[in-house]
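Start at 1 with the first residue, then count along the sequence.
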Amino acid sequence: MKVLARALALFAMMVMSPAVSAQQRSDPDFVAKVETPHFEAGTGPVVAIDQAHANFHTMLGRYRAFTNLLTADGYRVEANDKPFSAETLAGIDVLVIANALHPSNSGNWRLPVLSAFTADEISSVHAWVENGGRLLLIADHMPFPGAAAGMADTFGFGFKNGFAVNMDDSETRFVFRPGEGLAPVPGEDGQPVGQVVTFTGQAFSLPQGATSLLTLHGPYAVLLPREAWKFEADTPLEVADGLSQGAILEVGNGRIAAFGEAAAFSAQISSGGGPMGMNAPDAADNATFILAVMHWLTR
């Protein structure tokens, strides 16, 4: 009963609709700075940001800051507007998929949540990674984990189609520090990362061989509502202690980085008017962390 009461308290504090969430916008005043670019301008690996699957985050939309950060580091960033296949993935070094949706769930954030990708697309991406492709797969809170579950599962990640929350205080904004859930990115270069901040999201289980970079330790759960942001007395939940919000895995000749929260890679103005992402005062190290993940992917 105590857990359910906290879930209801969370509902009272956080009720939002997809329409309200859609009011999130890229922060026009955020400037991505890279003191020492990893690659000379315009010579780095090709990064394709998917926008062919009703993505909530796109290259020049809510992921404009992410695009600018990678460009400042020397990456060549482009948009992907085609279904995934061996042909469309050829020539791409890193594929970024952030908050993809099936068209039937665009603006309809309730169960059932259908896969954003066809079986052929999932098979094509898996084969591409096995053969040396690099994938950054990001799926935030419900309904995005449900839409990306098939893609995640083909690599062994168990996305939870819900909302991560600290059940002690109903907090959904998480701060990871060394010794407190934050692990260093293997081969990490540049300045150390003091902390990484995430903004709600989901949590997921890991396949054998994966390394969690952002681990939830403590009284965490994933609430699994029937409709996004609507929590009721009978809303099911799963214990999330030990689950991950960010992890990496080598797959054949390729690599994948999976994340359960998307705003950490952005710089947005929230629907309430506050900064959310790299522009948040306590999330300045997010940019350093993002580049460390990208360097691991492309190393």
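Without hydrogens or angle criteria, Asn253 side chain to Gly132 main chain gives no donor-acceptor distance under 3.5 Å. Listed for the Gln245 side chain is a donor-acceptor partner under 3.5 Å among the backbone atoms of Thr200. For the pair Asn286 (side chain) and Ala264 (backbone), a donor-acceptor distance under 3.5 Å is present. Remark: the backbone N or O of His38 is not paired with any side-chain donor or acceptor of Tyr75 at under 3.5 angstrom. Of the possible donor and acceptor atoms, none in the side chain of Asp153 sits under 3.5 Å from a partner among the backbone N and O of Ala149. Without hydrogens or angle criteria, Arg177 side chain to Gln195 main chain gives no donor-acceptor distance under 3.5 Å. Checked by atom type and distance alone, the side chain of Thr88 pairs as donor or acceptor with a backbone atom of Pro83 at under 3.5 Å. For Thr43 (side chain) and Phe39 (main-chain N/O), no donor-acceptor pair under 3.5 Å exists by modelled atom type. A donor-acceptor contact shorter than 3.5 Å links the side chain of Ser124 to the backbone of Asp120. Side-chain atoms of Asp140 do not come within 3.5 Å of backbone N or O of Gln202 as any donor-acceptor pair.
Proximity of the aromatic rings of Trp229 and Phe163 is defined here by a centroid distance below 6.0 angstrom, and this criterion is met. Aromatic rings of Phe84 and His53 (six-membered ring for Trp) have centroids within the 6.0 Å cut-off, being under it. Residues Phe199 and Phe174 keep their aromatic ring centres 6.0 Å or farther apart.
To the nearest 0.5 Å, atom CG of residue Leu136 and atom OG1 of residue Thr298 are 11.5 Å apart. Between the CG atom of Leu69 and the CZ atom of Arg64 there is a distance of 14.5 Å, given to the nearest 0.5 Å. If you take CG on Asn80 and CD on Gln51, they are separated by 8.0 Å, rounding to the nearest 0.5 Å. One distance of note links CD of Glu261 with CD1 of Ile138; it measures 9.0 Å at 0.5 Å rounding.
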### Task
Check the pair Arg62 / Arg25 against side chain to side chain contact (heavy atoms under 4.5 Å, CB included), numbers first and verdict last.
CA-CA 6 Å; Arg62 297 181 183 90; Arg25 65 188 191 280; 6.0 Å; no
### Task
Begin from the C-alpha positions of Ile92 and Trp128 and carry the test side chain to side chain contact (heavy atoms under 4.5 Å, CB included) through to its verdict.
CA-CA 10 Å; Ile92 295 173; Trp128 174 75; 4.0 Å; yes
### Leu111/Asn161 under side chain to side chain contact (heavy atoms under 4.5 Å, CB included): CA gap, chis, key distance, verdict
CA-CA 10 Å; Leu111 298 180; Asn161 192 33; 3.9 Å; yes
### Query
Run the salt bridge (Lys or Arg N to Asp or Glu O under 4.0 Å) check on Glu232 and Arg226 step by step: do they pass?
CA-CA 9 Å; Glu232 301 167 346; Arg226 290 179 284 270; 2.6 Å; yes
### Message
Under the criterion side chain to side chain contact (heavy atoms under 4.5 Å, CB included), I'd like the reasoning laid out for Arg255 against Trp296: C-alpha separation, chi angles, the key distance, then a yes or no.
### Response
CA-CA 9 Å; Arg255 293 181 170 187; Trp296 178 85; 3.3 Å; yes
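Residues Leu237 and Leu224 are not in side-chain contact: their nearest non-hydrogen atoms beyond the backbone lie 4.5 Å or more apart. Between Leu114 and Asn105, some side-chain heavy-atom pair lies under the 4.5 Å cut-off. Residues Met151 and His126 fail the side-chain proximity criterion, which asks for heavy atoms closer than 4.5 Å. Within the 4.5 Å cutoff, side-chain heavy atoms of His141 are placed close to those of Trp109. You'll find the side chain of Arg134 stays beyond 4.5 Å of the side chain of Val129, heavy atoms only. Taking the side chain as every heavy atom from C-beta outward, Phe117 and Ile97 approach each other to under 4.5 Å. Side-chain contact between Val47 and Met294 is present, with at least one heavy-atom pair separated by less than 4.5 Å. At least one side-chain heavy atom of Met59 sits under 4.5 Å from a side-chain heavy atom of Val77.
Residue Phe204 is not grouped with residue Leu243 when hydrophobic side chains (ILVMFWY) are merged at heavy-atom distances under 4.5 angstrom, including chains of intermediate members. Phe157 and Leu214 end up in different hydrophobic clusters when Ile, Leu, Val, Met, Phe, Trp and Tyr side chains are linked at under 4.5 Å. If you chain together hydrophobic residues whose side chains sit under 4.5 Å apart, Val196 and Met276 never meet in one group. Each of Leu182 and Val197 belongs to its own hydrophobic cluster when Ile, Leu, Val, Met, Phe, Trp and Tyr are linked at side-chain heavy-atom distances under 4.5 angstrom. One hydrophobic cluster, built from ILVMFWY side chains closer than 4.5 Å, cannot hold both Leu213 and Leu206; they sit in different ones.
Side chain to side chain, His102 and Ser104 meet the donor-acceptor criterion of an N or O pair below 3.5 Å. Side-chain contact, Asn55 with Asn99: no donor N or O sits under 3.5 Å from an acceptor N or O. If you check the side chains of Asp27 and Asn279, you find a donor sitting under 3.5 Å from an acceptor. Counted by atom type alone, Ser26 and Gln268 present zero donor-acceptor pairs between their side chains at under 3.5 Å. Side-chain contact, Asp73 with His295: a donor N or O sits under 3.5 Å from an acceptor N or O.
The two residues Arg110 and Met142 come nearest to each other via the heavy atoms CA-CE, 3.9 Å. Contact record, Pro225 with Lys230: CB-O, 3.2 Å, taken as the closest heavy-atom pair. Taking each heavy atom of Ala65 and Ala32 in turn, the nearest pair found is O-CB, 4.3 Å. Among all heavy-atom pairs drawn from Ala98 and Tyr63, the shortest one is CB-CE2, 3.5 Å. Contact record, Ala52 with Asp81: CB-C, 3.5 Å, taken as the closest heavy-atom pair. The shortest heavy-atom contact between Ala183 and Ser212 is CB-O, 3.5 Å.
The side-chain hydrogen bond (donor to acceptor under 3.5 Å, both in side chains) search around Glu238 returns Lys160, not counting sequence neighbours.
Classified by interplanar angle (parallel below 30°, tilted 30° to 60°, perpendicular above 60°), the ring pair Phe144/Phe56 is tilted.
Test Leu291, Asp285, Ile290 against Val193 for side chain to side chain contact (heavy atoms under 4.5 Å, CB included) and you get one pass: Asp285.
Remark: Asp282 engages Arg173 in a salt bridge, criterion side-chain N to carboxylate O under 4.0 Å.
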